[in-house]
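Note that the coordinates shown come from a computational prediction; the quantities given were computed from them, not determined experimentally.
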Amino acid sequence: MATATKKKMVQWEPADIKAELLKKYPPKVARKRAKQIMINEALENETPEMTANVRTIPGIMTMRGCTYAGCKGVIMGPTRDIVNLVHGPIGCSFYAWLTRRNQTDAGPEGPNGENFINYCFSTDMQEQDIIFGGEKKLEAAIQEAYGLFHPKSIAVFATCPVGLIGDDIHTVTRNMKEKFGDCNVYAFSCEGYKGVSQSAGHHIANNQVFRHIVGENDEVKPGKYKINLLGEYNIGGDGFEIDRIFAKCGITCISTFSGNSTYDQFASAHTADLNAVMCHRSINYVADMLETKYGIPWIKVNFIGADSTAKALRKIAQYFGEQELIDQVEKVIAEEMPEVMAAREDVVTRTDGKTAMIFVGGSRAHHYQDLFNEMGMKTISAGYEFAHRDDYEGRQVIPNIKLDADSRNIEELVVEADETRYKSRKSAEEIKALEDEGYKFKHYDGLAPDMDKNTIIIDDLNQHESEKLVELMKPDIFCAGIKEKYSIQKLGIPMKQLHSYDSGGPYAGFKGAINFYEEIDRLVGSKVWSYMKAPWQEDPKLSATYGWE
Ligand code: CFM
């Protein structure tokens, strides 16, 4: 690092930045947005309160998606052998078709096995269905899918008009399930408007997967050290790299929710002995329900970052407490790290001291900071599109979160211990011994405590604020999604998509870390964006003006 030329940090006062972001808003809007822009004080054991999981103010260009996207796309999308049938106008299916880069392999059955990911199933609702009801059309579509593919399961997803006209999708699916006898059919009331963001869709999906699939297969799978990996979606092949590492360590992954997964994995999830939770926001409901009903404890892990991967593996090994596993995990880390360190030492001469901003869904804005730290880069501003307060401040705030009408709208499944299948995986003494060693079960510390003092954390960032933020703080790289990509590049700043990874990945695990170091090194070292001018930057007359100015 001796040769590193440290970039001169742009000087800014966080309070001034916040004031600048709010300046253009009418007073009422500014008051509301102020509660979602937090200057991180990093107070000891305490972080400032964040307002999160609230409605976006109409008129603001949010980065968010809808509830249907969170249910159909995020949680159920990556599972290959369930027919995902969308009940609604065709656009909702078309725009959810193969856009998330959740990858899958052929599975043990090879290329002839069931894989419906590349299909786009829709009832293609028309005006007359909206007027006269779409239940008959849905029934016919389920029948057609069954006739063509004989899948083991068909999932139906409601889009906005379905809820508005009141089609009873749950009765239709129940009847079809009974009629077929060998195909599990169920529905999700995940209309786009059901919640304030994708987050509601995660919850709805978690509930139905738990109600209709988990626990369906009691068969004891072979293997030792059985875990479920919750909240990993195999974007850009992340899950393949994590599976490679698990296999090398001798850890058996019973199910992943839901990257590269199958129906049977969900059905067998209750047979695992530990839940490792990666994306807390999207899947914490399943983790809690698996614990209550079947006695499986959960821990938070992160496989984004090589150091974080090593930490997560050690945490899993510590839980099982067997020397054989502990030794094997150490052996794998020792084998994998030299290549990682060589790549890191190379890039860090150029990346050390550079700055990043990360604004993504509900967990990556935190997880990716580990990778940037490994490269000597600081995250100066970050935030989530749809996370809740616990994802910012830590799960200890959950009892203090005020339920509003929008959250009450989402069903809370009441789960009890299974009479025959509940089994404590560890005795109370074993749990206590682990906790005494500093082991935390059922906990997530959140994003804020990991960020430096005086960094700026923003919930539900929008178009105006992202452009202002970049103008004022001039990061070396901005990470977000496709909707932000081009406006950021037009400001002269390199942009990396952290939802789809553009065309890259994997970035998880050891090999993924190397990919990420190399890619970010190239991006922050490139001057090409700074040479580019948008037409309105060359000719200010083309800039828009606003009525309320
Ligand atoms: Fe979890 Fe995700 Fe994310 Fe997410 Fe998403 Fe995603 Fe995301 Mo896009 S489940 S919260 S709803 S880690 S699709 S794989 S990248 S917004 S930060």
Side-chain angles (χ1 to χ4, degrees), residues 9-10 12 14-15 17-18 20-21 33-42 47-53 62-64 197 199 278-282 300 302 304-305 308 351 353-394 444-481 483-485 488 491 493-499 501 507 516 520 523-524:
M9 294 280 281
V10 187
W12 38 260
I17 303 275
K18 181 169 176 174
E20 277 295 316
L21 296 182
R33 284 301 299 154
K35 294 183 191 152
Q36 287 170 278
I37 303 176
M38 179 215 279
I39 298 167
N40 197 26
E41 313 278 359
T47 40
E49 186 176 323
M50 184 65 136
T51 293
N53 192 31
T62 172
M63 295 159 85
R64 283 173 166 175
S197 70
S199 174
M278 177 121 160
C279 168
H280 170 265
R281 180 66 268 136
S282 61
K300 177 75 181 67
N302 177 23
I304 300 295
S308 326
T351 54
K354 299 226 161 165
T355 58
M357 289 183 178
I358 319 177
F359 291 93
V360 247
S363 79
R364 294 186 172 181
H366 185 193
H367 289 164
Y368 274 80
Q369 295 195 25
D370 290 1
L371 264 175
F372 280 119
N373 286 341
E374 292 175 6
M375 308 175 72
M377 290 178 64
K378 277 281 153 249
T379 306
I380 51 177
S381 186
Y384 296 129
E385 287 173 32
F386 51 73
H388 299 198
R389 271 188 65 195
D390 37 323
D391 304 292
Y392 289 105
E393 302 169 59
Y444 176 43
D445 290 330
L447 167 144
D450 264 357
M451 286 189 72
D452 285 353
K453 196 168 157 56
N454 282 337
T455 49
I456 302 175
I457 303 177
I458 307 178
D459 181 63
D460 189 15
L461 184 78
N462 56 51
Q463 175 81 33
H464 159 66
E465 291 166 13
S466 60
E467 292 195 8
K468 261 277 158 256
L469 205 58
V470 165
E471 248 175 66
L472 296 167
M473 296 175 84
K474 298 193 173 41
D476 292 298
I477 192 161
F478 191 93
C479 305
K483 287 181 285 197
E484 297 75 42
K485 185 169 180 90
I488 298 297
L491 296 172
I493 303 290
M495 200 281 178
K496 177 69 192 166
Q497 290 193 65
L498 277 191
H499 298 260
Y501 300 163
Y507 297 136
F516 193 78
I520 298 301
L523 278 166
V524 298

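- V470 places a side-chain heavy atom less than 4.5 Å from the side chain of P475.
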Show your working on side chain to side chain contact (heavy atoms under 4.5 Å, CB included) between L461 and T62 and close with a plain yes or no. CA-CA 7 Å; L461 184 78; T62 172; over 6 Å; no

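- Scanning for side chain to side chain contact (heavy atoms under 4.5 Å, CB included) contacts around A34 gives K18, L22, with sequence neighbours left out.
- Partners of T351 by side chain to side chain contact (heavy atoms under 4.5 Å, CB included), not counting sequence neighbours, listed by chain and number: V347, V348, M375, M377, D521, V524.
- Between F372 and H367, the ring center distance fails the sub-6.0 Å criterion.
- For D459, there are no salt bridge (Lys or Arg N to Asp or Glu O under 4.0 Å) partners at least two apart in sequence or on another chain.
- Partners of D390 by side chain to side chain contact (heavy atoms under 4.5 Å, CB included), not counting sequence neighbours, listed by chain and number: H280, R281, H388, R395, V397, I398, I401.
- For Q497, the side chain to side chain donor-acceptor pair (under 3.5 Å) partners two or more places apart in sequence, or in a different chain, are S500, D502.
- E393 meets the side chain to side chain donor-acceptor pair (under 3.5 Å) test with R389; sequence neighbours excluded.
- Every residue was checked against the side chain to side chain donor-acceptor pair (under 3.5 Å) condition with Y384, not counting sequence neighbours, and none meets it.
- In this structure N302 satisfies the side chain to side chain donor-acceptor pair (under 3.5 Å) test together with D370, sequence neighbours excluded.
- K496 and Y368 share no donor-acceptor pair across their side chains, judged by distance under 3.5 Å alone.
- With sequence neighbours left out, the side chain to side chain contact (heavy atoms under 4.5 Å, CB included) criterion links N462 to Y25, R33, I60, H464, E465.
- Evaluation of the salt bridge (Lys or Arg N to Asp or Glu O under 4.0 Å) rule for E374 yields R344 as partners, not counting sequence neighbours.
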